[in-house]
Amino acid sequence: MEATGTDEVEKIKSKFMSAWNNMKYSWVLKTKTYFSRNSPVFLLGKCYHFKTDESGELSADGSNFDKITTEISGNVEEFRKDFISRIWLTYREEFPQIKGSALTTDCGWGCTLRTGQMLLAQGLMLHFLGRAWVWPDALDIDNSDAESWTAHTVKKLTASFEASLTAEREPKILSNHHRPTVKRNRDDNERRNEVYHRKIISWFGDSPLAAFGLHQLIEYGKKSGKIAGDWYGPAVVAHILRKAVEEARDPELQGVTVYVAQDCTVYSSDVIDRQCSFMDSGKADTKAVIILVPVRLGGERTNMDYLEFVKGILSLEYCVGIIGGRPKQSYYFAGFQDDSLIYMDPHYCQSFVDVSIKDFPLESFHCPSPKKMSFKKMDPSCTIGFYCRTVQDFEKASEEITKMLKSSSKEKYPLFTFVKGHSRDYDFASSPLHEEHDLFSEDEKKRLKRFSTEEFVLL
């Protein structure tokens, strides 16, 4: 009986913390983001131009599109549609209890896991849908919903408190967040793409069975000494994502693998071994690879000398983004304009969505408006991601990025390197293909311990 009472106290505390964090962060989602008309905007390798004869700035929410020409408006619309089509994963609440804890929300501690999920989701979108794909319903999302988020949070706080007092299981809040999507006629290709769109999102559902859901990621994190409620750095999340993809049992995911660079070094033969490993079906076929490179862009502060390299990376269509942020907050960086990075923010606590039901609502998995942040405010700890479909794609990417690293580096040593051969040839840990029974090798555990002490605390 006493344990039950303790659980109830923890649940009430969790609800109040969710509401508090919503009120704390929701103002960020309400603010408008302005883009210059005179500079190109890059989003995961795609370039958009908003240039007109008039001077000034454009709001990304579409509030002043009537002031510009039809041609430029179309380009802005294309950018908005492309951005909104990226998968947005945020704090959630009232999901099934995390094993070994009383937590039913990740609000206040799970932001780096969420940005890691967004990066992996972009890799899977490239794999199954291609970079040209956009969600047909992207522009149907009403950005004005943002203005009601803070008020909605206050209502939820009150309802949660009342529900706790009356022992109701679920507080009842009327919300317009999940309006039914207007059905439209779709051809076979659109229907196929929509199936994959939903399937990818379902892999990140907040339930114990979802392959890349929070519950699974936390289980893998336990092997590195992390538990639910802890903060996770970008390097630790990279290794957790690798293990999650390795352990995924969905047949659709057998054609994808993840490689994590060791000490800022990508060993080409290790990557190719992963791509050429046998798939579960028994066919000797190559796998696509998502390469994750944990790096530091400076000491205590980000070194501005790395700006051009980061912009170059985000200009590549096979880049899947950057897990980073500013001190104490993790963001998913997906593009840039001038010296500002474009990102998606996970710091909004939304209600649990059961992705196992047919036609579950998609709106809350797509961000209605981009945000910008000056590069100099970025925390130096981050993880950069790339997607390569074939061995040839990897070899081409390694050559292209190596040239970029050499041309952008003002230091004696580049930010990271591509090296021929296996890591074992350089007396490092054995090939990752032989790490079947442990999440991290002993060498990796030492590195992760160092990363954990160096990285910033994420709230």
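In this text the structure is predicted, and so the values were computed from the model without any measurement.
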Taking the side chain as C-beta and beyond, is there a heavy-atom pair between [X] and [Y] under 4.5 Å?
X      : Y      : result
Leu362 : Ile201 : yes
Leu217 : Gln117 : yes
Pro96  : His215 : yes
Asp230 : Trp109 : no
Thr115 : Leu89  : no
Arg86  : Gln122 : yes
Ser374 : Asp339 : no
Phe333 : Tyr343 : yes

Name the orientation class of the two ring planes belonging to Tyr48 and Phe79 (parallel below 30°, tilted from 30 to 60°, perpendicular beyond 60°).
->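 Rings of Tyr48 and Phe79: perpendicular, over 60°.
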
Should the pair Phe42 and Phe336 be assigned to parallel (<30°), tilted (30 to 60°) or perpendicular (>60°) ring geometry?
->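 Parallel: the ring planes of Phe42 and Phe336 meet at under 30°.
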
Separation of [Y] [atom2] from [X] [atom1] (nearest 0.5 Å):
X      : Y      : atom1 : atom2 : answer
Leu43  : Asp82  : CG    : CG    : 4.5 Å
Leu292 : Tyr259 : CG    : OH    : 11.0 Å
Tyr331 : Cys111 : OH    : SG    : 9.0 Å
Lys243 : Ser224 : NZ    : OG    : 12.5 Å
Thr90  : His347 : OG1   : NE2   : 10.5 Å

Mind listing the closest non-hydrogen atom pair of [X] and [Y] along with its distance?
X      : Y      : answer
Gly221 : Ile240 : CA-CD1, 3.7 Å
Gln337 : Pro40  : CG-O, 3.5 Å
Cys367 : Met344 : CB-SD, 3.9 Å
Arg92  : Ser351 : NH1-O, 2.7 Å
Cys388 : Ala397 : SG-CB, 3.9 Å
Ala238 : Thr383 : CB-CG2, 4.0 Å

Output yes when a side-chain donor or acceptor of [X] lies under 3.5 Å from a complementary backbone atom of [Y], and no otherwise.
X      : Y      : answer
Thr33  : Pro370 : yes
Trp88  : Asp345 : yes
Gln216 : Leu209 : no
Asp187 : Glu190 : yes
His366 : Ile87  : no
Gln350 : Ser364 : yes
Ser85  : Trp135 : yes
Arg326 : Met373 : no
Arg37  : Phe35  : no
Gln275 : Lys287 : yes

Below 3.5 Å, can you tabulate the donor-acceptor pairs from side chains in residues 311-323 to any protein atom, sequence neighbours excluded?
{"from": "Lys311", "atom 1": "NZ", "to": "Asp338", "atom 2": "O", "distance (Å)": "3.2"}
{"from": "Ser315", "atom 1": "OG", "to": "Lys311", "atom 2": "O", "distance (Å)": "2.7"}
{"from": "Tyr318", "atom 1": "OH", "to": "Glu400", "atom 2": "OE1", "distance (Å)": "2.8"}

His127: what forms a ring pair (Phe, Tyr, Trp, His ring centres under 6.0 Å) with it, not counting sequence neighbours?
-> Tyr387

Would Arg242 and Glu246 pass as an ion pair if we require N to O under 4.0 Å?
-> yes

Look at Glu219 together with Lys222 and state whether they make a salt bridge at an N to O cut-off of under 4.0 Å.
-> yes

No-hydrogen, no-angle side-chain donor-acceptor test under 3.5 Å, Tyr91 and Glu93 = no

Glu94 and Thr104 side chains, donor-acceptor separation under 3.5 Å =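 Side chains of Thr104 and Glu94: no pair found under 3.5 Å.
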
Contacts of type side chain to side chain contact (heavy atoms under 4.5 Å, CB included), residue [X], not counting sequence neighbours:
X      : value
Ala210 : Ser207
Ser340 : Lys372
Val195 : none
Ser101 : Ile98, Leu103, Ala228

Could you walk me through whether Leu113 and Lys226 pass side-chain contact (heavy atoms from CB on, under 4.5 Å), step by step?
-> CA-CA 12 Å; Leu113 290 171; Lys226 299 293 183 184; over 6 Å; no

side-chain contact (heavy atoms from CB on, under 4.5 Å) between Ile290 and Phe386, worked out = CA-CA 6 Å; Ile290 296 171; Phe386 312 99; over 6 Å; no

Who are the salt bridge (Lys or Arg N to Asp or Glu O under 4.0 Å) partners of Asp188, not counting sequence neighbours?
->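 By the salt bridge (Lys or Arg N to Asp or Glu O under 4.0 Å) rule, Asp188 matches Arg191.
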
What residues form a salt bridge (Lys or Arg N to Asp or Glu O under 4.0 Å) with Asp393, not counting sequence neighbours?
->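 If we apply the salt bridge (Lys or Arg N to Asp or Glu O under 4.0 Å) test to Asp393, skipping adjacent residues, there are no hits.
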
Selection residues 108-126 - residue pairs positive for salt bridge (Lys or Arg N to Asp or Glu O under 4.0 Å), sequence neighbours left out | Asp106-Arg114, Arg114-Asp206

Residues two or more places apart in sequence or in another chain: which of them pass side chain to side chain donor-acceptor pair (under 3.5 Å) with [X]?
X      : value
Asp250 : Trp203
Arg192 : none
Thr257 : Arg274

Evaluate side-chain contact (heavy atoms from CB on, under 4.5 Å) for Ile218 paired with Ile227, printing each intermediate quantity in order.
-> CA-CA 6 Å; Ile218 289 168; Ile227 61 172; 5.9 Å; no

Decide yes or no on side chain to side chain donor-acceptor pair (under 3.5 Å) for Glu252 and Tyr196, but give the supporting numbers first.
-> CA-CA 10 Å; Glu252 297 272 15; Tyr196 275 111; 3.1 Å; yes

Report yes or no: is the cationic atom of Lys328 (NZ for Lys, CZ for Arg) under 6.0 Å from the centre of the six-membered ring of Trp231, at an angle within 45° of the ring normal?
-> no

Go through Phe83 and Ile342 one step at a time and tell me if the side-chain contact (heavy atoms from CB on, under 4.5 Å) criterion holds.
-> CA-CA 10 Å; Phe83 177 84; Ile342 297 169; 4.2 Å; yes

